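Following: one structure in structure tokens, then a few remarks.
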2 protein chains.
Amino acid sequence: MNAQLDGLKYDAAGMIPAIVQDHRTGEVLMMAWMNREAVQKTVDTGQTHFFSRSRNRLWLKGESSGHVQRVKSIATDCDQDVLLVKVDQTGAACHDGYYSCFYREYQPGGEWKVVGTKVFDPAKVYT
Amino acid sequence: MNAQLDGLKYDAAGMIPAIVQDHRTGEVLMMAWMNREAVQKTVDTGQTHFFSRSRNRLWLKGESSGHVQRVKSIATDCDQDVLLVKVDQTGAACHDGYYSCFYREYQPGGEWKVVGTKVFDPAKVYT
């Protein structure tokens with residue numbers, strides 16, 4: 001039991017969105033969902049855990065790639081229904097090979113433009 | 001019609017989460033939800049618009065407080081189901097009077113600790 005974590009507001013499916021940010025540069029790396037257990041595991045282990053709604057299971061970020069995220073701080077917002085987790089990112093956050101998942105930017109009248117830099121080759125990491 | 005915006009993935013309720021970040025400091029200010037119309041209005045006006053699920057209507061951020069957010073860039077993630085909007089924030093983002101909504105930090109074994117600085121008095125702004 002942890003009253004501080006129980007006080008968070010989870011949605012109807014028991015999930016809370018967690019924004020992950022690089023603690024040094026402030027770059028936003030990804031957003032994923034945590035259930036109560038994932039929040040607890042993240043706190044207890046100091047590494048981010050999420051709940052995959054498509055695979056219906058808890059996962060440790062980096063369990064396949066080794067690209068774990070070491071937690072530096074966890075904040076919540078005014079409504080206590082979103083988390084902001086600052087981390088030390090190993091490797092890269094995005095499974096597409098970019099440091100941040102937010103590697104595409106809106107271009108008026110055009111296509112989503114890739115602005116991120118690829119730091120690894122997914123085909124070599126996820127074998 | 002805007003194929004670039006139509007290509008985003010909205011959830012079953014037609015919503016996409018939008019993370020708002022200070023374009024100068026990188027501070028994450030808030031997360032709120034946009035429907036297709038809010039995304040379009042944000043793009044068209046250059047000011048963030050969201051959809052309030054509790055009030056069931058579109059709103060211009062700052063419509064009551066004057067604390068508008070001028071859009072500098074809009075990015076999307078690998079799954080195209082989250083937006084990251086970098087803004088120039090007028091006043092403060094949080095209706096509780098803090099610059100960022102993420103003004104409370106997790107304290108092991110304690111309470112959520114206020115780490116943000118209050119920049120306005122909500123009682124004077126929302127009259």
Side-chain angles (χ1 to χ4, degrees), chain A residues 2-5 7-8 11 17-22 24-33 39 42-44 46 53-54 71-86 93-98 100-116 122, chain B residues 2-5 7-8 11 17-22 24-33 39 42-44 46 53-54 71-86 93-98 100-116 122:
Chain A
N2 182 324
Q4 203 177 358
L5 301 181
L8 294 170
D11 70 12
I19 302 164
V20 182
Q21 184 179 29
D22 184 295
R24 273 185 302 258
T25 65
E27 187 171 1
V28 174
L29 301 176
M30 58 184 284
M31 196 206 87
W33 297 83
V39 174
T42 297
V43 165
D44 290 347
R53 297 174 300 171
S54 55
V71 176
K72 294 295 181 177
S73 67
I74 302 175
T76 192
D77 70 339
C78 40
D79 297 328
Q80 291 194 255
D81 60 3
V82 183
L83 293 174
L84 175 64
V85 185
K86 294 190 185 180
C94 186
H95 69 289
D96 286 345
Y98 297 89
S100 162
C101 292
F102 296 95
Y103 61 81
R104 277 173 295 197
E105 211 169 274
Y106 182 76
Q107 294 284 105
E111 300 287 321
W112 290 97
K113 182 185 175 186
V114 173
V115 293
Chain B
N2 181 326
Q4 202 177 357
L5 301 181
L8 295 170
D11 70 12
I19 302 164
V20 182
Q21 183 179 30
D22 185 294
R24 273 185 303 257
T25 64
E27 186 170 2
V28 174
L29 302 176
M30 58 184 283
M31 197 208 86
W33 296 84
V39 175
T42 297
V43 165
D44 290 347
R53 296 173 301 170
S54 55
V71 176
K72 295 295 182 178
S73 66
I74 302 175
T76 191
D77 70 339
C78 40
D79 296 329
Q80 292 195 255
D81 60 3
V82 183
L83 293 174
L84 174 63
V85 185
K86 295 191 185 180
C94 186
H95 69 289
D96 287 344
Y98 297 90
S100 163
C101 292
F102 296 94
Y103 61 82
R104 276 174 296 197
E105 212 169 273
Y106 182 75
Q107 295 285 107
E111 300 286 321
W112 289 98
K113 181 185 175 187
V114 173
V115 293

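Computed from a predicted structure; not experimentally measured.
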B:Cys78 to A:Asp96 - nearest heavy-atom pair and separation: CB-OD2, 3.3 Å

As an exercise: rank B:Thr25, B:Asp81, B:Val43 by heavy-atom pairs under 4.5 Å with chain A and give me the winner. B:Val43

At a heavy-atom distance under 4.5 Å, which candidate from B:Gln80, B:Arg104, B:Glu105 has the highest pair count against chain A? B:Arg104

Heavy-atom contact with chain B under 4.5 Å, split by part of A:Leu8: side chain

Taking atom CD of A:Glu111 as the centre, does the number of heavy atoms from other residues, nucleotides or ligands within less than 6.0 Å exceed 12? no

What part of A:Val115 gets within 4.5 angstrom of chain B, counting heavy atoms only: side chain, backbone, both, or neither? neither

For B:Ala93 versus B:Leu29, what's the shortest heavy-atom pair and its separation? CB-CB, 3.7 Å

Measuring from atom CD of A:Glu27 to atom CD of B:Gln21, what distance do you get when rounded to the nearest 0.5 angstrom? 8.5 Å

Working for side chain to side chain contact (heavy atoms under 4.5 Å, CB included), residues A:Thr76 and B:Tyr106: CA-CA 8 Å; A:Thr76 192; B:Tyr106 182 75; over 6 Å; no

Counting heavy-atom pairs under 4.5 Å to chain B, which of A:Ala75, A:Cys94, A:Gly26 comes out on top? A:Ala75

Between the SG atom in B:Cys101 and the CG atom in A:Asp79, the distance rounded to the nearest 0.5 Å is 7.5 Å

Counting heavy-atom pairs under 4.5 Å with chain B, which one of A:Pro17, A:Gly116, A:Gly110 comes out on top? A:Gly110

For each of A:His95, A:Lys113, A:Met31, tally heavy-atom pairs with chain B at distances under 4.5 Å, and name the one with the top tally. A:Met31

Inter-residue atom distance B:Trp112.CH2 - A:Leu5.CG, 0.5 Å rounding: 6.0 Å

Which residue out of A:Ile19, A:Asp22, A:Asp77 racks up the most heavy-atom pairs below 4.5 Å with chain B? A:Asp77

Does any backbone or side-chain atom of A:Gln4 lie under 4.5 Å from a heavy atom of chain B? Answer side chain, backbone, both or neither. both

